[in-house]
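Start at 1 and go down the list; that is how both ligands and their atoms are numbered.
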Amino acid sequence: MRVLFLMATRTYRASAFLEAARRLGVEVVVGSDQPQVLSEFMPGSTLTLNFLDLEEATGTIVELAKRYPLTAVVGVDDDTTVLAAMAAAALSLPHNSVESVQAARNKHRLRQILAKAGVPSPRFQLLSIDDYPMESARGVSFPCVVKPLFLSASRGVIRADDVKQFVAAFQRLVAILRQPEVAAAGGEAARQILVEMFIPGQEVALEGLLTNGELRVLAIFDKPDPLDGPYFEETIYVTPSRLPVVVQEEIAACASQTARALGLRAGPVHAELRVNDEGPWIIEIAPRSIGGLCSRTLRFGTGISLEELILRHALGMEIETFARERRPAGVMMIPTPQAGILHQVRGQKEAERVPGIEQVVISIPLGQAVVPLPEGTRYLGFIFARDETPERVEGALREAHRRLEFIIEPR
Ligand code: ADP
């Protein structure tokens, strides 16, 4: 058996998927947007693809598969889910339809489909980057959220409470969308801006796996830090959720309805929802697994990783159990406090000594530039914890973070 992993060169997800393949004894091809150092020495194990030309990239994959037959194609990040669906379709492998994945990748299309299907989702309107924000503001009700159609990790997502904030948010987002690599990656979508009603409430993330359109929930994560804006930097994720079981069931039903409305039927999904007095609202869903290094919080059955579960599922291999290991677990995506050059990180040992803390990973090398949201794209790092209760996990993450000090010097 051989699997093709499609991943951007800068992905966080490579090692977890490669390790899963190694454990299963499955051959791997890594398809990426930049040539890899080892490609010369390992023919058939790497593939350079033009992620900006999906037809061409699909053709390259089909050619490879003639010599090195593929059993599954896995799109690891947002950048590669559409290509994975196209390649799987061309190779007649089980997959989500290309339209369903494209719809999930375009926040405007997603909202249109959800509105039509009656799935609770914020009211929205589409603007152009050429619009005059002062004029557009007349049609907007506040508070609202201004966002790009196709970026991820909350990049460019900004809350505005009044006209003045709206104009500023609009202009700030236009500047991001005009960055050459963003404009190239987004095409027409980089010329558009989505404005949504701000949905108050508690946010959760749902990790699931679809089989013939049926959603199996693998984990629901609480996000105990309020995400009220103006920017929406992810911080703490803790599972299992402390919400009442009935609310968790409503969340699962809402995610399931969303997948159905889009036509997503196979493989992993990661959804973000908000819960308030009116019940759960879908913020977004993506046909991929959780991002960053966050999957390290999840273990199934006798210790198998999320990636191994996904890979077994994609290859039609046996899966003993989908039950998450019971011990509560959590992660903090370390927020970037200010822009500059990361000069030094202090207190890592002290942070790792906090009871319940398993690991502190600093993922940006010293000497590199760090940029906070809404422009930034990377986290400083990740803190992982496991403990007796979700409360203790959350407490451990906060205490470990308090012990860390980031010396960031202005550029
Ligand atoms: P991305 O794909 O970049 O993560 P999202 O659309 O999921 O973009 O938005 C990122 C975060 O911004 C969400 O997780 C949520 O916290 C917040 N957010 C986005 N849209 C809304 C909304 N309409 N109401 C409230 N919060 C929102």
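Asp161 CG to Cys144 SG: the interatomic distance, rounded to the nearest 0.5 Å, is 8.0 Å.
Cation-pi geometry between Arg111 and Phe124 is not met: the NZ or CZ atom fails to fall both under 6.0 Å from the ring centre and inside 45° of the normal.
Of all atoms in ligand 1, listed by their number and element, those nearer than 4.0 Å to a heavy atom of Lys107 are 1 (P), 2 (O), 3 (O), 5 (P), 6 (O), 8 (O). The atoms of ligand 1 that sit less than 4.0 Å from any heavy atom of Pro122 are 23 (N). Taking a cut-off of under 4.0 Å to the non-hydrogen atoms of Glu203, the atoms of ligand 1 that pass are 13 (C), 14 (O), 15 (C), 16 (O). Counting atoms of ligand 1 from 1 in the listed order, those under 4.0 Å from a heavy atom of Lys147 are 5 (P), 6 (O), 19 (C), 20 (N). Less than 4.0 angstrom separates some heavy atom of Ile199 from each of these atoms of ligand 1: 22 (C), 24 (N), 25 (C). Close contacts between ligand 1 and Ala153 involve ligand atoms 1 (P), 3 (O), 4 (O) [criterion: under 4.0 Å to a heavy atom]. Applying the 4.0 Å criterion to heavy atoms of Val145 picks out, from ligand 1, the atoms 20 (N), 21 (C), 22 (C), 24 (N). Which parts of ligand 1 touch Leu151 is read off a 4.0 Å heavy-atom cut-off, strictly below it: atoms 2 (O), 3 (O).
At under 3.5 Å, not a single nitrogen or oxygen of Lys223, backbone or side chain, sits near a nitrogen or oxygen of ligand 1. Considering backbone and side-chain atoms together, Met197 places an N or O closer than 3.5 Å to an N or O of ligand 1. Residue contacts with ligand 1: Glu284 is placed with a nitrogen or oxygen under 3.5 Å of a nitrogen or oxygen of the ligand (distance criterion only). Considering backbone and side-chain atoms alike, Leu227 places every N or O at 3.5 Å or more from each N or O of ligand 1.
Residue-level proximity to ligand 1 for Phe198 is carried by backbone and side chain together, each with a heavy atom below 4.0 angstrom. With a 4.0 Å cut-off on non-hydrogen atoms, Asp78 does not touch ligand 1 at all.
Ring orientation note: the planes of Phe382 and Tyr12 are nearly perpendicular, at an angle over 60° on the 30°/60° scale.
Scanning all protein heavy atoms for the shortest distance to atom 3 (O) of ligand 1 gives Ser154 N, 2.7 Å. Protein heavy atom at the shortest distance from atom 18 (N) of ligand 1 is Ile283 CG2, 4.2 Å.
Here Glu272 pairs with Lys223 in a salt bridge; the nearest charged N to carboxylate O distance falls below 4.0 Å. Remark: Glu375 engages Arg172 in a salt bridge, criterion side-chain N to carboxylate O under 4.0 Å. Salt bridge present: Lys147 and Glu196 bring a charged side-chain N and a carboxylate O closer than 4.0 Å.
With sequence neighbours left out, the salt bridge (charged side-chain N to carboxylate O under 4.0 Å, His left out) criterion links Glu56 to no other residue.
A salt bridge (charged side-chain N to carboxylate O under 4.0 Å, His left out) with Glu308 holds for exactly one of Arg22, Arg23, Arg299; it is Arg23.
Between the side chain of Asn106 and the backbone N or O of Ala103 there is no donor-acceptor pair closer than 3.5 Å. A donor-acceptor distance shorter than 3.5 angstrom exists from the side chain of Arg274 to the backbone of Ile199, with no hydrogens or angles considered.
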